[in-house]
Protein chains: 2
Amino acid sequence: MSNRYQTEATLGRPTMRHVAALAGVGIKTVSRVMNDEPGVSESTRLRVLEASQQLNYQLDMAAGSLRRTGRQTLSIGLLLPSVSNPFSGEIHRALEDSLAERGIAVFAASLDDDPQREKALVAAFLGRRVDGLVLTPIAKSQAYVIPEHSRDLPMVFIDREPVGIDADAVVTDNAVGAATAASHLLAHGHRKLAYLGDRTEIQTARERRQGFIEELGRAGLATSAVPVREGLHDEESARLAARELLASDDPPTAIFSSQNLVTFGVMRALKELGASKRVALVGFDDFTLADMMEPGITVIAQHPERIGKLAAERLVARIDGDRIAPATYIVPSELIVRGSGEIPPS
Amino acid sequence: MSNRYQTEATLGRPTMRHVAALAGVGIKTVSRVMNDEPGVSESTRLRVLEASQQLNYQLDMAAGSLRRTGRQTLSIGLLLPSVSNPFSGEIHRALEDSLAERGIAVFAASLDDDPQREKALVAAFLGRRVDGLVLTPIAKSQAYVIPEHSRDLPMVFIDREPVGIDADAVVTDNAVGAATAASHLLAHGHRKLAYLGDRTEIQTARERRQGFIEELGRAGLATSAVPVREGLHDEESARLAARELLASDDPPTAIFSSQNLVTFGVMRALKELGASKRVALVGFDDFTLADMMEPGITVIAQHPERIGKLAAERLVARIDGDRIAPATYIVPSELIVRGSGEIPPS
DNA sequence: TTGAAAGCGCTAACAA
DNA sequence: TTGTTAGCGCTTTCAA
């Protein structure tokens, strides 16, 4: 009876059988205790607990979820542009905070603008049987996850809406935010405005450009005459584009930049030309030390922490069986006035 | 014979048995194909592959690792101060890049300076049977992981050395970096220097203070007379401490700040007092836009990407069975000259 | 309140 | 080259 289970000390990780043997109970009783299930007398419970502590026993979640109804692994996959990107970091953090309450752990991975990687990483997550997916889509289409989505794998897209699949999404009001930037600059008297933006393959970049340009049109400006410089994906290309623009015959008196790195490039160009206090600038995306610049940089701030929190809420709702129709949730951006956007036209 | 396995379409996820049934082969043959094992004829392999694609089959890694020798899950746990902290983000990214080559996925979680959380998160990782752990220690002692470490769970500590356990660590040369800051300021003629630092419970903060002060002592300064303000954990407390220091009877002509947020607070105080170009400043940790400040901020830069890469290398070596004695690996910091640290004493 | 037996999806060991 | 059987550590089911 007592040597049903291996009793001697093991080098490997102890299992429930080891604990059961040490406590002198059946394996199912150990399972009940470890999972806080009812139906165990207090004295038995204590004996099991003591044995498990003595052996430093740790429940194997993976083995458990293999048999458990629902088969949840209490882990999700998160796909970000890059875990080293501060915007992504904020989203990640907000998600983590919301999911930690449920004991859900997060696999995080970086896409690096590589559509191939997107599919490979999703496959890697699926192979690990995640309970849900939070994805920043980058590939042309997300139709490849339709099979999983149909099998009810919870899925929330963030930052950009997915293409080719009808699923939940949480995004910033890019066009509205960009239009706010435009009307802010217009209100300060500018009539010669320029747009500097990221690559046009990026949906959010297109939305921001469109929102900006359309607002100028609504104000009666000839939108075809608005200088638009796109395809800027790093600081240096933005710096060069801004310099070129500012050196032209009819330079803009105000610039709107669609993204952090572009904003940095423009700031650098303005500084080099000694024009920081003469040319107005509004950037999309807030950043650390924006208020410490000279002048402070006026921005359209996104709220990554709200995006992350909302995405977590939607995901958890789906995990809990919510079957309402997929929807896109919009997180408003916010104009933060700091000086650079309030410079009048020269 | 043909109805050994369930053949009809299933709503749930398909298993190897479904693929085997569809391809008309045994389950082990499917296993061989999915794992790229030899001993399968090309024609069989193709049939299996086709069946698996048709069913959208995905290997269940967790189930596999339950039985597989070595029982690896191809996932590791990463504990960071916060995933939203840019320094942590860089480390995370470097780790991810190194581990992705091996198909290892990363569970990331944030500590938030909470020693309780450290233990809980490690337990959560262990319950998910990670193949290794990369940890930023924050609790007073890491002796609680000794059982796992003894069972050969690979483990690398980063940023700070662990206490109460002899394990691999990858850290910055904090004292040397701080001493470099001191000698740099001394070389520029300063004799009245001040130290503003983080909470003394943090090992790295203590090392930086010690390195800085000792270097001043080596140069013949009365170290007991050097103003030291510690316990600064955010921008605001640092700003106030700096203001107070600069308003004293005998204000310092140079300041060394031990950490990013402290540096920001000092920068703010200097700006408020119009002293940015009069008082020298060297900060520990590099940050975005440091070169865009007026003057640019001279820093002792850490190399998070190197820390992450080295940690990944050590972890993978341990996973592959490396048994050499645990050691601490030091990543040198680097002085980056930008202007604020080269201001002469007034 | 307790536990024995079956089986989750897979791989190891071995047989054909 | 292929397949069968056992069993990884756990939860479910059901009986005691």
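The chains referred to below are lettered A, B, ... by the order of the sequence lines, with proteins before strands, and numbering in each begins at 1.
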Can I get a per-line list of side-chain donor-acceptor pairs under 3.5 Å for residues 25-33 of chain B, giving both atom names and the distance, sequence neighbours left out?
none

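Here the CD1-CG distance, from A/Ile319 to A/Leu99, works out to 7.0 Å after rounding to the nearest 0.5 Å. Note that CG of B/Asp131 is 13.0 Å distant from CZ of B/Phe125, once rounded to the nearest 0.5 Å.
Taking atom CE on A/Met16 and atom C1' on D/dC8, their separation rounds to 14 Å, with Å as the unit. B/His18 has its NE2 atom 8 Å from the P atom of C/dG9, to the nearest Å. With rounding to whole Å, B/Ile27 atom CD1 is found 13 Å from D/dT2 atom C1'. Distance CZ (A/Arg129) to P (C/dG9): 9 Å, rounded to an integer number of Å. Spacing between atom CZ of B/Arg71 and atom C1' of C/dT11 amounts to 11 Å, rounded to whole angstrom units. The separation between B/Lys28 atom NZ and C/dC10 atom C1' is 9 Å, rounded to whole Å. Remark: C1' of D/dT1 and CZ of B/Arg32 are 8 Å apart, rounded to the nearest angstrom. Distance, A/Arg17 CZ to C/dA4 P: 12 Å, rounded to whole Å.
No side-chain N or O of B/Arg128 forms a donor-acceptor pair with one of B/Thr73 less than 3.5 Å apart.
Using a 4.0 Å cut-off, no side-chain N or O of B/Thr29 falls inside it from OP1 or OP2 of D/dT2. Residue B/Ser31 places none of its side-chain N or O atoms closer than 4.0 Å to OP1 or OP2 of C/dC10.
Between the side chain of B/Ser82 and the main chain of B/Ser84, a donor-acceptor pair closer than 3.5 Å is present.
Listed by residue number, B/Gly39, B/Val40, B/Ser41, B/Thr44 are the residues of residues 35-54 of chain B with a heavy-atom contact under 4.0 Å to DNA chain D. Contact check of residues 55-69 of chain B against DNA chain D (heavy atom, cut-off under 4.0 Å) returns B/Leu66, B/Arg67.
Applying the 6.0 Å contact sphere to CD of B/Glu37 captures more than 12 heavy atoms from other residues, nucleotides or ligands. Around CD of B/Glu201, the count of heavy atoms belonging to other residues, nucleotides or ligands within 6.0 Å exceeds 12. Shown here is A/Gln116, whose CD atom has no more than 12 heavy atoms of other residues, nucleotides or ligands within 6.0 Å.
Look at A/Arg160 and A/Glu118 and you find no salt bridge, because none of the NZ, NE, NH1 or NH2 atoms lies under 4.0 Å from a carboxylate O.
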